[in-house]
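Worksheet: one structure, shown below.
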Amino acid sequence: MTKIYNFSMVGLLAAVYAPAAHAYIDPGTGALFVQAAIGAAATALVTLKYWWSKAVKTFRGLFAPR
Amino acid sequence: MLGLLRKADRDSVLLMVGLFLIWNWRLASVTALNPQHVVRGDLLTLFAWKTAIFVGLALGLFVITRNLQQTLLGIAYAIVFWLLGANLVIAALSGAILQVGLYLILIIAAAFIVRYVITRHQEITSQIVAIFGAVVVGMQVPGLFGVITAPNVNAELSGLEADLPADVSGAQPHVIYIVPDRYASNANLRALYDFSNTAFTDELDALGFHVWNDQYANYPKTFISLASTLNGEYLDPVLERIPETAPSYSHLTPLIQDFAARRALQARGYEYTHIGSWWGPTKRNAFADQNFNDESLPFNQLTKVYLEETPLIFLLAQAEAQRTPCEIVEDKTALIREQVRAERPQFIFWHAFVTHDPYIFEADGSCRDLDEERYFAEDYEARTTAYLQHIEHFNRITLELIEGVLADASREVIIVIQSDEGPYPEALVRAGEETGLTDYNFLSAAPSEIARKQGVFNAIYLPSRDYAAAEALTTPVNNFRLIFRELTGTPIPLLPDRAYSFEYEHQPYALEEISTNLRAEE
């Protein structure tokens with residue numbers, strides 16, 4: 001398990017590595033990850049609502065008169 | 001509108017909108033993070049290109065598949081590759097087989113997930129993608145707003161030309177203007193780093209230069225300092241038209257491109273050779289007769305930084321592989337030596353980044369491994385050592401250049417070596433200067449830090465060796481006025497010495513005069 005974790009972390013670090021730019025403009029790779037996390041949190045709420053309504057529908061279906 | 005569509009179509013439109021937002025997410029993020037460096041025209045051009053590619057891809061896929069879901073799937077695959085493919089290309093270019101495999105697995109796994117969610121759960125996937133896209137792009141709106149709504153400023157200064165005699169005849173020595181970016185004043189090199197620069201300045205003295213020991217830049221950063229010196233006057237008439245809250249440095253780029261000294265020299269028959277850098281405003285000059293810079297590809301800074309994190313990085317890698325940045329410095333000095341042999345009077349401007357990071361040379365002047373250079377951003381002491389080594393290296397190549405120029409030139413030569421700004425104060429570097437905007441307060445900083453940022457190197461060589469008017473000057477605003485005094489033989493008025501600074505880098509036009517503070521430091 002530890003090996004898998006280490007391998008994943010190396011992969012993740014390599015994935016966020018970006019080459020040095022000779023420019024003042026900050027590519028903001030780190031900021032993208034923060035933004036992605038915020039975006040993911042917002043979409044998680046929508047997903048929860050979707051699955052919740054599906055679950056409720058299924059639950060009601062079980063007890064609905066045939 | 002959406003209500004008129006069938007549910008399946010509505011999901012597809014929602015998914016398309018979401019994918020378009022995610023397609024532009026990184027561009028929006030880079031712009032919002034760097035409002036001071038991103039030029040509105042560059043942003044809109046890149047956005048137009050990206051939109052055209054997106055629309056072209058969508059139409060092309062739809063024509064081929066005749067199926068909207070397949071089209072959306074194709075676009076999603078393209079975005080996955082666009083976002084994750086840069087590292088695959090970097091790994092492939094460097095021959096790292098293991099990493100190539102890793103990134104391939106990552107991309108293929110992402111593609112499988114995308115395929116699964118779009119084909120099996122399109123309804124919820126459309127909502128998730130659209131909301132995610134809206135959230136991540138929506139977060140950039142405040143930053144984007146500042147760049148997109150930046151006012152159009154008619155930035156032009158002609159005070160220097162107004163002070164010149166109408167008669168354009170007169171002496172026509174070659175004029176070489178070298179700007180070693182962030183080269184500290186002699187006084188600061190001694191006070192801050194215990195570094196003696198006398199070997200260099202004694203040589204310059206012996207060659208007939210006048211070297212100022214402790215001059216201050218009129219303005220604290222390159223974009224604003226160069227705009228002033230190249231036009232031979234203060235920027236008040238232009239600054240009046242720029243809101244103090246404007247973040248973009250690009251309002252002054254026209255003053256660096258179409259500057260008064262260039263116009264006056266070209267009007268006198270000079271041929272203008274512009275030797276640029278990787279920095280946008282001086283990368284190339286639209287009015288030069290000849291340009292030479294670090295990169296063979298015509299990308300602006302925004303496009304370059306953007307492409308560096310896409311699979312198209314291989315284009316940049318190929319363009320830069322021809323000559324390393326430090327080899328290009330040799331090409332630049334060789335070009336200057338070649339130009340001064342020409343019969344026609346030459347005006348040569350060189351924005352020399354030798355003394356500016358990234359620190360690309362080893363102590364002996366050989367090329368440094370750029371991966372190693374990345375280290376200096378984190379280590380202030382190593383960075384300082386590298387900076388001083390680069391000062392020494394610049395001194396070596398400049399002395400060799402000047403001796404060659406004075407020996408080979410077809411006519412008399414005027415030479416100026418003037419830095420535009422000093423090195424960054426330690427507190428600012430540690431606050432994250434490398435990553436752009438910081439809350440470092442320039443006005444409430446210790447006087448020694450202000451003096452360090454604005455203390456600049458300045459030296460001039462005039463064929464007449466008449467430096468009587470030059471000796472008392474304490475800022476470089478009059479450099480071109482001294483040059484035109486020599487050219488025209490008339491006492492063109494010299495401006496009083498003044499220095500200004502802003503409080504924060506993100507409000508670079510909210511300037512205050514700090515001449516008194518700098519004199520107090522002396």
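In what follows, every heavy atom counts, from backbone to side chain, and hydrogens, waters and symmetry copies are set aside. In the text below, chain A, chain B and the rest are named by the order of the sequence lines, each starting its count at 1. On a predicted model such as this, the values are computed, not experimentally measured, just so you know.
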(message) side-chain contact (heavy atoms from CB on, under 4.5 Å) for A:Ile25 and B:Leu302? Distances and angles first, verdict last.
(response) CA-CA 7 Å; A:Ile25 293 179; B:Leu302 175 65; 4.2 Å; yes
(request) Quick one: do B:Val135 and A:Thr43 satisfy side-chain contact (heavy atoms from CB on, under 4.5 Å)? Show the steps, please. (result) CA-CA 9 Å; B:Val135 170; A:Thr43 52; over 6 Å; no
(request) Test side-chain contact (heavy atoms from CB on, under 4.5 Å) on B:Trp25 and A:Leu32 and set out the steps. (result) CA-CA 9 Å; B:Trp25 168 26; A:Leu32 280 183; 3.5 Å; yes
(message) Restricting to non-hydrogen atoms, name the atom on A:Pro27 and the atom on B:Glu309 that form the minimum distance, rounded to 0.1 Å.
(response) CB-OE2, 3.0 Å
(message) Please rank A:Ala40, A:Ala41, A:Ala36 by heavy-atom pairs under 4.5 Å with chain B and give me the top one.
(response) A:Ala36
(message) Among residues at least two apart in sequence or on other chains, which ones pass side chain to side chain contact (heavy atoms under 4.5 Å, CB included) with B:Thr253?
(response) B:Ser250, B:Gln257, B:Pro281
(request) Could you look at A:Ala44 and say if it's the side chain, the backbone, both or neither that has a heavy atom under 4.5 Å from chain B? (result) neither
(request) Going by the side chain to side chain contact (heavy atoms under 4.5 Å, CB included) test, name the single residue among B:Asn34, B:Val30, B:Val305 that passes it with A:Asp26. (result) B:Asn34
(message) Holding to side chain to side chain contact (heavy atoms under 4.5 Å, CB included), I want the full list of residues that pass it with A:Ala31, two or more places apart in sequence or in another chain.
(response) A:Gln35, B:Leu33
